Amino acid sequence: MSVRVLVVGGASEFNSLVAKVEAVVKKSGPFSFVLIAGEVGASKSADLKAHKLSLPGYFASQSFEAEAGTEFEENNLTFIGEAGKKDIENLSVVFIAGGYDDPPEKYRKDPKEFPFPPEIQAAMRTAGALGTGYQGVDILVSGDHPLGINLKQESFPASGSMLVSATALLLKPRYHFCGGKPEVYASNGPFAVPGSDHATRLFKLGSPTPAPGVKERWLYAAAVKPLKGMDASQLEGSSSSAKVYQINTEGTPRPGSEPTGGFFYNIPPRKEDRKRKANGDRPGFRKRFEGHPVDAKCWFCLGNEKDLHLVINVGTNIYLALAKGGINTEHVLLIPILHVRSTLDLSDEHYAELEKFKSALQETFRKNFDSDLMFFERVVNPRGGELHSHTQIQAIPVPRETSAIASVKLGEEAQRSKLKIRELPKGKSLREFVKEESNEDHPEYFYIRLPDGKEAVQLISVDKKSESREEGLPIHPMQFGRRFTAALLGRMNRLDWKRCVKPTDLEAQDADRFRSFFSEFNPTGDE
């Protein structure tokens, strides 16, 4: 079961921190607890005064005057110490206070030879990171950010903590939240850590009590499922990106330059670099999941880092992205993180998450666009020797005044293309229908769910395709779904997606805009 966690950046005043956290809890709660990535705006218990959080809070500090592990009941606050590991609501959480000095460069070569302070060593040992069979921790909270994360200003990539990077490399956290200076928000991920079966997500948070003129995001809310008890298939669904913690020994990066030495998070390619990459020059991330290989040439495998600026939200098993060259600016794709050929190949858990995303999208469009939602999926089998394609579920908003004619319009377009698309019997799932109607293990099909909830499907069997070729009849067109949608919406000028592609910066703006609408209904709990 997932735990709702609130994480905030460090503060300069405890009373202001409490006030801001309470405002968030009132608006978006409940949350199980709050983690503070940095200082709490107090140097001793007397400074906390009578201000009290309504939910348990946890923090680490090198300057707070108290015994490690002290619980301040009158404030609902626990002081971890300078560093420590604590299990909270079945989540394993490691804390590292800010302000540690980095060791000399000679220690940059191997994190296992790194001279960690005793309290950090103890935290890692308690977490099991220094032993065998270690999986990782759910959350790492650090007062400083790791070396190399891009914090918007050119002078800051070299200013991070090598200690934090080396610690994170061994801890293999699923979430890493960090605070500290500068008071900016940034994120990387999801990316893979060497030797880990899961992905890591990194978030640098601003401060809830910022300096004058500074306005940066200072909180993050997430629904985190405990790593303990998760099986390998659940972990594999998240480990899908080639961005990793790196070890490089070429020396210290110069301020204002790309980092070239030490432990650091790999900064993703600049947008213009991604745009320049040819199809054959995508990153070759060829990790294989059980029964589901990741195709290094696949556009939709996150590990290949294609068009990451279009990604709106990444769940445990499903991710949401803006369609490239969409029929309209709200045309989105629901895509399994695993490289699977169809939704029929998804496990029950993965399919359930897909349905949650669909429901969230429906609510998003109803509230923000006064529109209903239509989904369709076209499944294609590969030609001899090729890896199967990576399925995508197209999701397009339809104005409510147009929804009523969608069923009639589908019939007209199917008749025009000489296709026999059958309405799915009420109460029968696509999986059940295909199992009953097809003798093939992996049939091709076209499936659509209309704005009024009616579902229709056409099975495209190998035998029928052969018969069609011999008799000169049309095989189901690959772009039938898009053609039908364009006709329904009166946007026939959007038939060819390649002619609808926008410049990268405009695509990123559209993705940001949609993300703001979607955040209210986000099924992953990430806000």
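Everything numeric in this text was worked out from a predicted model, so none of it was measured. Computed from heavy atoms alone, side chains included, the values below leave out hydrogens, waters and symmetry copies. The first residue of the sequence shown is numbered 1, and numbering continues consecutively from there.
In terms of modelled atom types and a separation under 3.5 Å, the side chain of R201 and the main chain of V314 share a donor-acceptor contact. A donor-acceptor distance shorter than 3.5 angstrom exists from the side chain of S92 to the backbone of D138, with no hydrogens or angles considered. S438 places no side-chain N or O within 3.5 Å of a backbone atom of K435 that could act as its donor or acceptor partner. Listed for the T200 side chain is a donor-acceptor partner under 3.5 Å among the backbone atoms of P173. Of the possible donor and acceptor atoms, one in the side chain of K204 sits under 3.5 Å from a partner among the backbone N and O of V184. A donor-acceptor pair under 3.5 Å is absent between the side-chain atoms of E216 and the main chain of S207, judged by distance alone. In this structure a side-chain-to-backbone donor-acceptor pair under 3.5 Å is present from N76 to L55. Between the side chain of R174 and the main chain of I139, no donor-acceptor pair closer than 3.5 Å is present. The closest donor-acceptor contact from the side chain of N368 to the backbone of T364 lies under 3.5 Å. A donor-acceptor pair is defined here as one N or O able to donate and one able to accept, closer than 3.5 Å; no such pair exists between the side chain of S142 and the backbone of H145.
A salt bridge is absent between R431 and D345: the closest approach of a Lys/Arg side-chain nitrogen to an acidic carboxylate oxygen does not fall below 4.0 angstrom. Using a cut-off of 4.0 Å between Lys/Arg side-chain N and Asp/Glu carboxylate O, E353 and K356 are scored as not salt-bridged.
Contact check for R449 versus F376: no side-chain heavy atoms found under the 4.5 Å cut-off. Counting only heavy atoms from C-beta outward, the side chains of I421 and F446 approach each other to under 4.5 Å. Between Q394 and R378, the closest side-chain pair of non-hydrogen atoms is not below 4.5 Å. With contacts defined as side-chain heavy-atom distances shorter than 4.5 Å, the pair L361/F521 does not qualify. Between L459 and F433, the closest side-chain pair of non-hydrogen atoms falls below 4.5 Å. Residues L140 and H176 have side chains in contact (heavy-atom distance under 4.5 Å, counting atoms from C-beta outward). Between F31 and V24, the closest side-chain pair of non-hydrogen atoms falls below 4.5 Å. When side chains are defined from C-beta on, P336 does not count as touching F300, because their heavy atoms never get closer than 4.5 Å.
Remark: F369 engages F365, F517 in a ring-ring contact (aromatic ring centres under 6.0 Å, His included) (not counting sequence neighbours). Remark: E436 pairs with K428 by the salt bridge (charged side-chain N to carboxylate O under 4.0 Å, His left out) rule, at least two apart or across chains. Applying the salt bridge (charged side-chain N to carboxylate O under 4.0 Å, His left out) test to R494 and every residue at least two apart in sequence or in another chain returns nothing. A search for salt bridge (charged side-chain N to carboxylate O under 4.0 Å, His left out) contacts involving K502 returns D510, not counting sequence neighbours.
For Q415, the CD atom counts as loosely surrounded, since its 6.0 Å shell holds 12 or fewer non-hydrogen atoms of other residues, nucleotides or ligands. Environment of NZ in K20: crowded, with over 12 heavy atoms of neighbouring residues, nucleotides or ligands closer than 6.0 Å. Few gaps surround CG on N328; more than 12 heavy atoms of other groups in view lie less than 6.0 Å from it. Other residues, nucleotides and ligands contribute over 12 non-hydrogen atoms within 6.0 Å of the CZ atom of R515.
Rounding to the nearest 0.5 angstrom, the gap separating the CG atom in L35 from the OH atom in Y220 is 13.5 Å. Here the OH atom belonging to Y185 is positioned 4.0 Å from the CZ atom belonging to R217, to the nearest 0.5 angstrom. Taking CH2 of W497 as the start and CD of Q479 as the end, the distance is 9.5 Å to the nearest 0.5 Å. Remark: L320 CG to L333 CG distance equals 8.0 Å, nearest 0.5 Å. Between T485 atom OG1 and R491 atom CZ the span is 11.5 Å, to the nearest 0.5 Å. A distance of 10.5 Å separates CZ of F203 from SG of C178, quoted to the nearest 0.5 Å.
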Review point. Taking it one step at a time, do V379 and E377 satisfy side-chain contact (heavy atoms from CB on, under 4.5 Å)?
Key: CA-CA 6 Å; V379 175; E377 178 188 24; 3.6 Å; yes
Review point. Yes or no on side-chain contact (heavy atoms from CB on, under 4.5 Å) for Q135 and L227, after CA distance, side-chain angles and deciding distance?
Key: CA-CA 8 Å; Q135 285 185 294; L227 180 63; 4.0 Å; yes
Practice item. Take Q458 and Y447, measure what side-chain hydrogen bond (donor to acceptor under 3.5 Å, both in side chains) needs, and give me the verdict at the end. Key: CA-CA 7 Å; Q458 182 183 19; Y447 163 82; over 6 Å; no
Review point. Between I335 and I318, is a side-chain contact (heavy atoms from CB on, under 4.5 Å) present by the stated rule, with each step listed?
Key: CA-CA 6 Å; I335 307 171; I318 305 295; 6.0 Å; no
Exercise for review: Take V3 and F33, measure what side-chain contact (heavy atoms from CB on, under 4.5 Å) needs, and give me the verdict at the end.
Suggested key: CA-CA 9 Å; V3 180; F33 54 87; 3.9 Å; yes
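Here the closest non-hydrogen pair linking T209 and S16 is CG2-CB, 3.4 Å. Closest of all the heavy-atom pairs between G38 and F59 is O-CB, 4.3 Å. Contact detail for S429 and L424: the closest heavy-atom pair is C-CD2, 4.0 Å. The heavy-atom pair separating E432 from G427 by the smallest distance is OE1-O, 4.1 Å. Nearest approach of Y175 to A223, heavy atoms of both residues: OH-O, 4.4 Å. Taking both residues in full, the closest heavy atoms of F484 and E413 are given as CD1-CG, 3.9 Å, listed atom of the first, atom of the second, then distance.
Counting only residues at least two apart or in different chains, salt bridge (charged side-chain N to carboxylate O under 4.0 Å, His left out) contacts with residues 364-375 comprise E363-R366, K367-E520, D370-R400, D372-R400. Identified under the salt bridge (charged side-chain N to carboxylate O under 4.0 Å, His left out) test for residues 315-334, with sequence neighbours left out: D307-K324, K324-E507, E330-R513.
Among the candidates V21, V8, V7, V34, the single residue satisfying the side chain to side chain contact (heavy atoms under 4.5 Å, CB included) test with L219 is V8.
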